[in-house]
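A quick write-up on the structure given underneath.
Values below: all heavy atoms of this structure, side chains included; hydrogens, waters and symmetry mates excluded.
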Amino acid sequence: MLGKCEQFFLELMKVPRVESKLRVFAFRITFSSQVNELRCNLNTINEAAGEVKESAKLRQIMQTILTLGNALNQGTTRGSAVGFKLDSLLKLSDTRARNNKMTLMHYLCKLLAEKLPELLDFDKDLNHLEAASKIQLKSLAEEMQAVSKGLEKVEQELTASENDGVISAGFQKALKNFLDTAEAEVRSLISLYTEVGRSADSLSQYFGEDPARCPFEQVTQILAIFCKMFNKARDENEQLADAEKKKLEKEAMKEQAAAHSAKKEGVVDADRSKPNYRVQKHARSNSVSEAAGSLHNVG
């Protein structure tokens, strides 16, 4: 008498191409999560590309950077540029003033805070940039290919199982229902992937870059790093301004305290001088009395 485990495997051995069928079922189980993750990543790329191109604040900051660059290079062949390479954004923190205390990034933030403070929070326009910068289109393409190949194997096994007889009847029914939904999902995903590819290329072109040399991944990574560097410099400027304000307030309080102390000492000195005057006056009166007495005695 065989145990339940042995009976199960005995029945399993009767199923034609059982290994192939198990792989198909494994694909079916993970299909929805794979497709949903792919769709989410593709939508993130689309959203990020749209946000960057539609951000008026980012566009104004880029224009300000170009103006600063031309001002710094005035009198040279580079002083009348109409644009700059995107990776130049990462060099703003490396360019320092002569006193070595302020970088060009700090100066940019300081200038914007004084002239265009509404631009300082431009990164709020780019909600999907950070997530998009971590996505590789090549990886998505490989995942898309894996899903398509998995679906092909499902179709192949479904066709092969038509000759299995009654034993594969339940398998065929389950797979046909799955295929109807899965094929529609994959077609939709392929369409979205094509759209995202165009969107990714257009983002590189938006910055005047060649998508082949500066692809979407590089663009988003540069912009994400720039945002972090910008925010760091902005915060450091604010901290420095707060520290300077507190220093001035402390100095003002010291000056007020010194003035108050000097005024108090002046009052005390005035009070001290009055008794001395009275003593001197009293002493003078005694001297006059004594002199008068002396004259009286002489008389």
Give every donor-acceptor pair under 3.5 Å between a side-chain atom in residues 225-233 and any protein atom, sequence neighbours left out.
unit_1 : atom_1 : unit_2 : atom_2 : d
N231   : OD1    : R234   : NH1    : 3.3
N231   : ND2    : D123   : OD2    : 3.3
N231   : ND2    : C227   : O      : 3.3
K232   : NZ     : E236   : OE2    : 2.7

Does any non-hydrogen side-chain atom of D125 lie less than 4.5 Å from one of L58? no

Only counting residues at least two apart or in another chain, list the ones meeting side-chain hydrogen bond (donor to acceptor under 3.5 Å, both in side chains) with R23. E19

With heavy-atom distances below 4.5 Å as the criterion, would you say the side chains of V219 and C214 are in contact? yes

Rounded to the nearest 0.5 Å, what's the gap from CG on L111 to CG on N237? Could you check? 11.0 Å

Per-pair distances, 0.1 Å, donor-acceptor, side chain in residues 189-197, under 3.5 Å, sequence neighbours excluded:
unit_1 : atom_1 : unit_2 : atom_2 : d
T194   : OG1    : I190   : O      : 3.0
E195   : OE2    : N46    : ND2    : 3.1

Pairs satisfying salt bridge (charged side-chain N to carboxylate O under 4.0 Å, His left out), at least one member in residues 240-255, at least two apart: none

Can you list every ring-ring contact (aromatic ring centres under 6.0 Å, His included) pair that touches residues 84-116, not counting sequence neighbours? none

List for me each residue that meets side-chain contact (heavy atoms from CB on, under 4.5 Å) alongside A81, sequence neighbours excluded, and say none if there are none. L66, N70

Between L92 and L108, what is the shortest heavy-atom contact and its length? CD1-CD2, 4.3 Å

To the nearest 0.5 Å, what is the distance between CD1 (I222) and CG (L86)? 4.5 Å

Measure the shortest side-chain to side-chain distance between M62 and L89 over non-hydrogen atoms and say whether it is less than 4.5 angstrom. yes

Sub-4.5 Å side-chain heavy-atom contact between L175 and V24: yes

What's the spacing between D87 CG and L90 CG if we round to 0.5 Å? 6.5 Å

Spacing of L68 atom CG and Q63 atom CD [to the nearest 0.5 Å]: 10.5 Å

Kindly write out the residues that satisfy side-chain contact (heavy atoms from CB on, under 4.5 Å) with Q256, not counting sequence neighbours, or none if the list is empty. none

Which pairs of donor and acceptor atoms, one on a side chain in residues 128-151, lie under 3.5 Å apart (sequence neighbours left out)?
unit_1 : atom_1 : unit_2 : atom_2 : d
H128   : ND1    : E51    : OE2    : 2.6
S133   : OG     : E130   : O      : 2.6
S148   : OG     : M144   : O      : 3.1

Strictly by side-chain hydrogen bond (donor to acceptor under 3.5 Å, both in side chains), give each pair with a member in residues 200-212 just once, sequence neighbours left out. K53-S202, R59-Y206, K85-E209

According to side-chain hydrogen bond (donor to acceptor under 3.5 Å, both in side chains), does anything in residues 211-227 pair up with another residue at least two apart or in another chain? List the pairs. none

Is any side-chain heavy atom of K21 less than 4.5 Å from a side-chain heavy atom of E157? yes

Can you measure from CG (L126) to CD (E54) and round to the nearest 0.5 angstrom? 11.0 Å

Nearest 0.5 Å, what's the CG-CG distance between D94 and L104? 10.5 Å

Any pair with a residue in residues 102-121 that passes salt bridge (charged side-chain N to carboxylate O under 4.0 Å, His left out), sequence neighbours left out, goes on the list, sorted by first then second residue, please. K57-D121, K110-E114

May I have the list of side-chain donor-acceptor pairs in residues 29-45 shorter than 3.5 Å, sequence neighbours left out?
unit_1 : atom_1 : unit_2 : atom_2 : d
T30    : OG1    : A26    : O      : 3.3
T30    : OG1    : F27    : O      : 3.3
S33    : OG     : T30    : O      : 2.9
N36    : ND2    : S32    : O      : 3.1
R39    : NH1    : S188   : OG     : 3.3
R39    : NH2    : E185   : OE1    : 3.2
N41    : ND2    : E37    : O      : 3.4
N43    : ND2    : R39    : O      : 3.2
T44    : OG1    : C40    : O      : 2.9

